[in-house]
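Written out below as structure tokens is the structure these notes cover.
All chains are named by letter (A, B, ...) in the order of the sequence lines, taking the proteins before the strands, and each is independently numbered beginning at 1. The shown structure was predicted, so the numbers you read here are calculated from the model rather than taken from an experiment.
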Amino acid sequence: MIDKQEFRQDLIGWFEEEMRDLPWRKDQDPYKIWVSEIMLQQTRVDTVIPYFNRFMEQFPTIEALSGAEEEKVLKAWEGLGYYSRARNLHSAVKEVHEKYDGRVPDTPKEISALKGVGPYTAGAILSQAYGIPEPAVDGNVMRVLSRILLIEDDIAKASSRKVFEKAVRELISHENPSYFNQALMELGAIVCTPTSPSCLLCPVREHCTAFHEGVQHELPIKTKNKKQREVHLAAAVLKDDTGRTLIHKRAEKGLLANLWEFPNIEIHLPYKTEKEQLREALKLEFGADIALGEMIGTIEHVFSHLTWNIHVYEGTLIELKEEKPDLKVVSPEEIEVFPFPVSHQKMIKQFYK
DNA sequence: CATTCGTGGTA
DNA sequence: TTACCAAGAAT
């Protein structure tokens, strides 16, 4: 067993010297820490920085975000991915505004009840904003501790998180839980990396069982995820006589919920030609009277769990049968204010500019 | 417990 | 090119 006091000292001392200068580390505003932690879920620091800065300019306080339209929030999130994070954050911030008078709660029970705040984020906010010694176990922490303590549980399994939370509870500094948690993550991000850990630069290598046994490359244990499936879509860039195009708002649940897109359908077994299916769907599902033209290109877009292969058709929009809130006809200038997934941003760029 | 939910970077 | 990865949560 390692010397806990020395371990904490070496870890936190290193963090104080080497911590990166990040925009959400300028103060301990619970709202800023909250937003940063949501953005950082499964997302690299370098990707998050510009989004965080823009988001804070646009929604500087809980009150500002509470009063915002969801579409503005999604637009600010555009390109960051995992868009339910934005909708859950928006919803939870509204709840804090109304139920807690704008103050982010400081108990595990209350903060964990907020939408989008799971075990990791709860611990991150409680420790960093309020100095409460709660574990914040993310992928970095599991990797680092699997090596230091030689923990061989499969970190791909949900149940393993509790093993590491228990370990953190035994190790965490009660004097500075914020730095302790951040230092474990920072170490994982900078030194104790997945494929080639820089053990010779590691401030806690003397405490590391895996280093002593030379098995740091064998840890953590992580089973592979299975292969993703492919989905074939046909989409239409339809223009009316003034050059405007038809766009559609996606369903409020599921993939890319509430984002906008060019009207499209999934192609299954080709009982008819793809073009025929698209023409029929545009008429029946979208109520559009159209003249469908030729295929003008393809888009391939890779998600974490599936791949879209989109065949893009051009066409003429003659008329929309009825006004629906999920259908709009917009000009190239007007289309800019709607949040689109990256796959359809590619279509705007290639076929509607 | 396994799957769904994005995107861009990298070995 | 392929596979994996990056400060996870909801279902």
Side-chain angles (χ1 to χ4, degrees), chain A residues 15 19-20 22-25 33-52 74 77-89 91-92 111-125 127-128 135-144 153-162 164-165 168 178 180-190 192-196 217 220 222-231 250-259 261 300-308 339-346:
Chain A
F15 181 67
M19 72 169 133
R20 292 169 288 180
L22 301 173
W24 47 88
R25 284 181 175 163
I33 292 169
W34 184 6
V35 172
S36 74
E37 290 301 340
I38 301 297
M39 287 188 170
L40 285 163
Q41 288 169 6
Q42 299 291 285
T43 311
R44 294 175 191 285
V45 166
D46 289 340
T47 303
V48 167
I49 290 172
Y51 279 91
F52 177 82
L74 285 173
W77 212 271
E78 184 184 68
L80 197 52
Y82 287 139
Y83 298 96
S84 66
R85 292 184 298 175
R87 294 186 300 112
N88 287 337
L89 172 64
S91 167
I111 202 162
S112 298
L114 298 172
K115 282 185 186 170
V117 178
Y120 163 76
T121 305
I125 297 172
S127 61
Q128 293 176 41
V137 173
D138 70 338
N140 285 312
V141 173
M142 289 195 283
R143 181 173 60 256
V144 169
D153 294 67
D154 180 359
I155 67 167
K157 288 183 180 275
S159 58
S160 296
R161 197 195 68 247
K162 295 188 176 183
F164 292 92
E165 282 177 347
V168 170
S178 170
F180 183 90
N181 279 340
Q182 290 188 71
L184 276 183
M185 292 187 277
E186 196 91 341
L187 191 68
I190 294 174
C192 195
T193 51
T195 54
S196 54
H217 291 94
K222 186 177 185 184
T223 54
K224 305 181 194 298
N225 41 355
K226 58 179 192 179
K227 216 174 170 183
Q228 66 208 36
R229 68 181 198 277
E230 185 154 341
V231 174
R250 294 177 60 88
E252 63 181 16
K253 287 190 173 184
L255 183 65
L256 304 168
N258 285 359
L259 271 65
E261 64 183 2
E300 180 168 293
H301 190 78
V302 178
F303 296 88
S304 49
H305 58 303
L306 60 89
T307 298
W308 272 358
F340 280 80
V342 168
S343 51
H344 286 253
Q345 290 178 49
K346 292 177 190 168

Going by the rule side-chain hydrogen bond (donor to acceptor under 3.5 Å, both in side chains), which residues pair with [X] if we only count those two or more places apart in sequence or in a different chain?
X        : result
A:Asn88  : none
A:Arg87  : none
A:Ser196 : none

(message) Is the shortest side-chain heavy-atom distance between A:Ile38 and A:Phe52 below 4.5 Å?
(response) no

Contact class for [X] vs. all strands (heavy atom < 4.0 Å): base, sugar-phosphate, or nothing?
X        : result
A:Ser159 : sugar-phosphate
A:Thr195 : nothing
A:Arg250 : nothing
A:Leu22  : base

(request) Indicate whether OP1 or OP2 belonging to C:dA6 is found under 4.0 Å from a side-chain N or O atom of A:Arg143. (result) yes

(request) Would you tell me if any nitrogen or oxygen in the side chain of A:Gln42 comes within less than 4.0 Å of OP1 or OP2 on C:dG8? (result) yes

Restricting to nitrogen or oxygen on both sides, can you table the protein-nucleotides 2-4 of chain C pairs closer than 3.5 Å?
none

(message) Reading DNA chain B from 5' to 3', where do the contacts with chain A start and stop? Cut-off is 4.0 Å to heavy atoms.
(response) B:dC1 to B:dG9

(message) Would you say NZ of A:Lys115 has more than 12 non-hydrogen atoms from neighbouring residues, nucleotides or ligands within 6.0 angstrom?
(response) no

Rounded off to whole Å, could you give me the [atom1]-to-[atom2] distance for the [X] and [N] pair?
X        : N      : atom1 : atom2 : value
A:Met39  : C:dA9  : CE    : P     : 16 Å
A:Asp138 : C:dA9  : CG    : C1'   : 14 Å
A:His305 : C:dA6  : NE2   : C1'   : 17 Å
A:Met142 : C:dA6  : CE    : C1'   : 12 Å
A:Arg161 : C:dA10 : CZ    : P     : 11 Å
A:Ile38  : C:dA10 : CD1   : P     : 8 Å
A:Lys162 : C:dG8  : NZ    : C1'   : 16 Å
A:Glu165 : C:dG8  : CD    : P     : 13 Å

Nearest-Å distance once atom [atom1] is located in both [N] and [M]:
N      : M     : atom1 : result
C:dT11 : B:dG6 : P     : 13 Å
B:dC1  : C:dG8 : C1'   : 16 Å
C:dA6  : B:dT4 : P     : 22 Å
C:dC4  : B:dT3 : P     : 15 Å

(request) Give me the ring orientation class for A:Trp308 and A:Phe303: parallel if the planes are under 30° apart, tilted from 30 to 60°, perpendicular past 60°. (result) perpendicular

(request) Using the side chain to side chain donor-acceptor pair (under 3.5 Å) rule, pick out the option among A:Glu37, A:Arg161, A:Glu165 that qualifies with A:Tyr120. (result) A:Glu37

(message) Tell me every residue that passes side chain to side chain contact (heavy atoms under 4.5 Å, CB included) with A:Ala251, counting only those two or more places apart in sequence or in another chain.
(response) none

(request) Measure the spacing between CZ of A:Arg85 and OG1 of A:Thr121 and express it to the nearest 0.5 Å. (result) 10.0 Å

(request) Select from A:Leu114 and A:Trp24 the residue whose nearest nucleotide in DNA chain C is closer to the 5' end of that strand. (result) A:Trp24

(request) Would you mind telling me which residue lines up with the more 5' stretch of DNA chain C, A:Ala122 or A:Ser304, judged by nearest nucleotide? (result) A:Ser304

(message) One pair to check against side-chain contact (heavy atoms from CB on, under 4.5 Å): A:Leu22 and A:Val48. What are the steps and the verdict?
(response) CA-CA 10 Å; A:Leu22 301 173; A:Val48 167; over 6 Å; no

